[in-house]
Amino acid sequence: MAIFKKNFWRGGEPWVWVTAAGLTLVMLLTIGFFAIIIINGLSALWPRDVVRITTTSGDVIAGEIIKKEFRHDKLHRLQLKTANRDVNGYDFKWINANTISETSYPPDIYVLERLEYGNFIGYLAENNPPHIQRHFVSGELRHEIDALVARIDAVHMLIGTYNDQLRAEEKNTPVNQENIHRYQNLIGMYNHGAEILEQELDTYRALFITADGKEKHLRLAELIRFYQPERMNIFAKTVHYAKKVEELLFDEPREANMEGGVFPAAFGTVLLVFIMSITSFPFGVLAGIYLGLYAGHGVFLQLVRVAVNNLAGIPSIVFGIFGWGFFVHGLGSSIDELFFVETLPEPTFGTGGLLWASLSLGLLTMPVVIVAVEEALRAIPSAFRDASLALGATRLQTLWRVLLPAASPGILTGFILAMARAAGEVAPLMLTGVVKLAPSLPLDSTWPFLHLDRKFMHLGFHIYDISCQSPNVEAAKPLMYASTLLLVVIVLLMTGSSVWMRSYLRKKYSVSSGF
Amino acid sequence: MEKDAYVMELDDGILHVKDLDFFYHQHQALFAISFAMPRHQVTALIGPSGCGKSTFLRCLNRMNDNVPQARVLGSIRLNDLEINQETLDVISLRRRVGMVFQKPTPFPKSIYENVAYGLRILGVRRRGEIDAAVETSLRKAALWDEVKDKLQQSALALSGGQHQRLCIARAIAMEPEIILMDEPCSALDPRATKKIEELITTLREQYTIVIVTHNMQQAARISDCAAFLYEGKLVEYNRTDIMFTAPRIRATEDYITGRFG
Ligand SMILES: Nc1ncnc2c1ncn2[C@@H]1O[C@H](COP(=O)(O)OP(=O)(O)O)[C@@H](O)[C@H]1O
Ligand SMILES: [Mg+2]
C-alpha cells in the first residue's frame with residue numbers, strides 16, 4: 001500500500017487532475033458568464049405575460065412578472081412591473097405570496113409603449129368612440145396620426161425658417177418694415193395652423209382603465225406600439241421581438257436612455273475603435289519594426305522594451321487623465337486659439353471629443369501592437385532576411401517583400417487584441433469626450449462629414465449609465481442586458497473578422513509550415 | 001601552410017583571398033587566410049564545427065556587413081574587383097555572388113514569385129523577360145518538370161529537397177558568377193541530397209561554386225578543390241583528389257579519416 005501511495009504521487013497523476021480541475025473551473029465561469037449575458041440579453045426584449053393579482057386586502061394589481069423569489073421551495077414573493085409610472089408614481093412592486101388571494105392572466109389587458117413615462121398597462125375603456133376602439137384592433141388610425149405628426153413637424157420647420165429670416169431683416173439697415181410685417185404675419189399664421197393641427201392630433205386619444213380602476217386618457221400620437229400579451233401566439237411574439245431588436249439597433253434612445261434604441265452608442269463604439277485603429281496602428285507598427293529589426297540590445301533599448309511591455313498594465317484611467325490633460329487641455333486649447341478664435345470662449349477642440357478619445361485609446365493599445373509586431377518579426381528565422389539580402393535586396397525591400405508578409409498574421413493578432421481592448425475600455429473615454437446623450441452623430445451629411453471634435457456616445461458608457469446612473473435602474477435592466485449583449489457581439493464581430501483574415505494570411509504566408 | 005603558387009595565384013582563379021582576418025567584436029574568427037578559388041570548379045570548405053567556414057563564406061558576398069561590430073582585414077578579389085572596400089556596391093556584388101543557405105528559405109510566396117524575387121527587386125517589369133528567367137532557372141535547378149504545372153501555387157507546399165533546389169533556382173535567376181552554398185544538404189534526406197549533388201555537378205559548367213560541407217564523402221564526390229580550416233586558420237588547400245588521398249598535414253588526415261571533428 002505504501003508503495004502504491006508513493007507511486008501514486010510520483011506518477012504525477014494527481015497533478016494532472018489538479019490542472020484539469022483548474023481548467024474546468026475557468027470554463028464553467030466563462031460559460032456561466034456568457035450564459036448570463038446571452039440569456040438575459042436575448043430575453044430582455046421578449047414580451048412578457050401580464051398577470052392580474054387580487055390581494056387578500058382586496059387590492060387589484062396587474063403587471064409583468066419580473067422576478068420570483070422562493071424560500072424553502074415555496075414562492076415567497078414576486079416582483080411585478082406594474083408600469084403606469086404617471087398614475088401610480090412607481091412602476092415596480094414586490095408582492096408577498098401570502099397576500100395573494102387570486103391570480104389570472106386577463107386576455108383583454110393591453111401593454112402600451114409610450115414616448116414618455118414608460119409603459120402603460122390597462123384595459124381599453126368601452127366608451128371610447130368606435131374608430132378609436134377599432135384602432136386598437138386593427139391599428140387603422142396609425143396612418144392618419146403619422147401624417148398629422150409629419151405635417152406639424154413641417155409647419156414647425158417653416159416657422160423656424162421665417163423666424164430666421166425675420167431676425168435677418170431686423171438686422172438690416174435701413175429696416176424694411178414691410179418685410180418684417182410680412183414675416184410676422186406668416187409666423188402668426190403658421191403658429192395658428194400648428195395649433196389647429198395639434199388640437200386635431202389631440203382628439204386622437206383613448207381612455208384606458210388601470211387594473212385598479214383608475215382612468216387615464218392617452219394621446220395616440222404618444223403611443224409607439226401596443227399589444228395584448230395573452231392574445232399573442234408565438235409567431236406574433238416573434239414579430240414583436242424582431243421589431244424590438246430593430247428598434248434597439250437602429251433607433252435613438254428615449255426616456256433618459258432607458259427605452260428605445262442604442263444606435264448612436266453602437267455607432268460611436270465602432271467609429272471610435274475605427275479611428276483609434278487608423279491613427280495608432282501605423283505608429284505601433286513602425287515602433288515594433290524598429291524594435292524588432294533595427295534596435296540593438298543596449299541598456300537603454302532594453303529599458304524601452306520593458307517600458308513598452310509594461311505600458312499595457314497601466315490602469316486605463318491614467319490614459320484618460322493623460323488624454324484630458326495633454327490632448328484636451330494642451331493640444332485642443334492650442335488648436336482653438338490658432339484656428340477657432342472666432343468661436344472662443346466656446347471650445348471646439350479644447351473639450352472632450354471623438355479625436356481625443358481615439359488618440360487616448362490609441363496610446364493605451366499601442367503597446368499591444370508594438371509588442372505583437374516586434375515578436376512577429378523576431379519569430380521569423382534570420383535565414384529569411386539573409387536569403388533576401390543575399391539576392392541583392394536592400395533592407396527596406398526585404399522588410400516590405402519578405403518580413404512584413406511573413407509577420408502579418410502575428411501583426412494582425414496584435415491588431416485584434418488592441419481592437420478588442422479598445423472596444424471595451426470606458427474609463428479613459430469618460431475624461432475625453434463620451435457623453436450620456438449626444439445631440440448628433442459624429443458622422444453625418446454636413447461638411448466635413450466626420451466631426452472629430454464632437455462628443456459621442458459609447459455602448460460601454462451607455463451600459464454604465466443606464467445600470468448605475470439612471471433614475472430607474474429596474475426599468476433600465478432589459479436595455480442594459482441587451483446593450484451588453486450587443487457590445488459583446490460587436491467586439492466578436494470585429495475580432496472575428498480579423499481572426500478570419502489572420503487564418504487566411506497564415507495559410508498564405510506562414511514561413512514555418514514548409515519544414 | 002606552405003604558400004605555393006597554385007594556392008596563392010591561379011591563372012584560372014576567380015576569387016583571390018589574401019591575408020583575410022575576421023573579428024566578431026573582440027573574438028577573432030579567421031586568421032590570415034590566403035588562397036584562390038578556380039573558375040568553373042567546385043571548391044569545398046571543410047573543417048570541424050565553429051572553425052569559421054560560414055564566416056569565411058559570408059565574407060565572399062559581404063553578408064557579414066549585417067553583423068554588428070564585426071571587422072574584416074585583408075583582401076578578397078573577385079576577378080579584378082576588390083570586395084573589401086568601403087565604396088563597393090554591395091547590392092551588385094550580391095547579384096554576382098549568389099548564396100544558398102543551410103536551411104531552405106522559400107519565401108512565403110508562389111513558386112514563380114520566389115524565382116522572380118531577385119528580378120523584381122532589380123525593377124524588371126517585363127512579363128516575358130521574367131517568365132523566361134523563371135523557366136531557365138528552374139530548368140537549371142532541375143526543378144522545372146516537377147513544378148511547371150503549379151508555378152502559381154505557394155512554394156511552401158513543396159518538399160524540403162524541392163525547397164533547396166528552389167533556393168538554388170532563385171539564386172541562379174540573378175545570373176551570378178559564383179554560388180556560395182553553406183551546408184546545403186545538411187537538412188535534407190539522402191535522396192534529396194543526391195539530387196542536389198548531381199545538380200552541383202552540372203552547375204559547375206556555368207558557375208563557380210564554393211560549398212561548405214560536413215560530409216567528407218560529399219566533398220570527395222563533388223568538389224575539385226578542398227580547403228581544410230581549423231580554428232580559423234587555413235590548414236591545407238589542394239586539389240580534392242590529392243588532399244583526400246595524400247594529405248600533407250597530419251591534422252587534415254585525422255579530420256578526413258574521422259579521427260576528430
Ligand atoms: N554572429 C556571431 N557573433 C559572434 N561570434 C560568432 C558569430 N557567428 C559565429 N561566431 C563565432 O565564430 C566562430 C566561427 O563560426 P562559424 O563561421 O559559424 O563556424 P562554422 O560555420 O565553421 O561552424 C565560432 O567560434 C562562432 O562561435
Ligand atoms: Mg556554419
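When reading the values below, keep in mind they use all heavy atoms of this one structure, side chains included, and skip hydrogens, waters and symmetry mates. Because the structure is a prediction, the values reported are computed rather than measured.
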(request) Kindly give the heavy-atom pair with the smallest separation between Phe384(A) and Pro106(B), and that separation in Å. (result) CE2-O, 3.0 Å
(message) If you count heavy atoms of other groups shown closer than 6.0 angstrom to CD of Glu197(B), is the number above 12?
(response) yes
(request) Would you indicate whether the side-chain heavy atoms of Phe107(B) and Leu403(A) approach each other to under 4.5 Å? (result) no
(request) Heavy atoms only: give me the nearest Thr105(B)-Ala387(A) pair and the separation to one decimal. (result) OG1-CB, 3.3 Å
(message) Working to the nearest 0.5 angstrom, can you tell me the gap between Asp386(A) CG and Phe101(B) CZ?
(response) 4.5 Å
(request) Could you pull out the closest heavy-atom pair between Ile121(B) and Ala393(A), with the gap in Å? (result) CD1-CB, 3.1 Å
(request) Provide the closest heavy-atom pair for Leu389(A) versus Met63(B) in the form atom of the first, atom of the second, distance. (result) CB-CE, 4.1 Å
(message) Looking at Tyr294(A), I'd like to know if its OH atom is crowded, meaning that more than 12 non-hydrogen atoms belonging to other residues, nucleotides or ligands lie closer than 6.0 Å.
(response) yes
(message) When you measure from the side chain of Lys109(B) to the backbone of Arg401(A), do you find a donor-acceptor pair of N or O atoms at a distance under 3.5 Å?
(response) yes
(message) So if I take each residue of residues 91-99 of chain B and look for any heavy atom under 4.5 Å from a heavy atom in chain A, which residues do I end up with?
(response) Ile91(B), Arg94(B), Arg95(B), Val97(B), Met99(B)
Which atom pairs, donor and acceptor, lie under 3.5 Å between side-chain atoms of residues 355-364 of chain A and protein residues at least two apart or in another chain?
{"unit_1": "Trp356(A)", "atom_1": "NE1", "unit_2": "Phe349(A)", "atom_2": "O", "d": "2.6"}
{"unit_1": "Ser358(A)", "atom_1": "OG", "unit_2": "Leu354(A)", "atom_2": "O", "d": "2.7"}
{"unit_1": "Ser360(A)", "atom_1": "OG", "unit_2": "Trp356(A)", "atom_2": "O", "d": "2.8"}

(request) Could you tell me which portion of Arg62(B) (side chain, backbone, both or neither) has an atom closer than 4.5 angstrom to a non-hydrogen atom of chain A? (result) neither
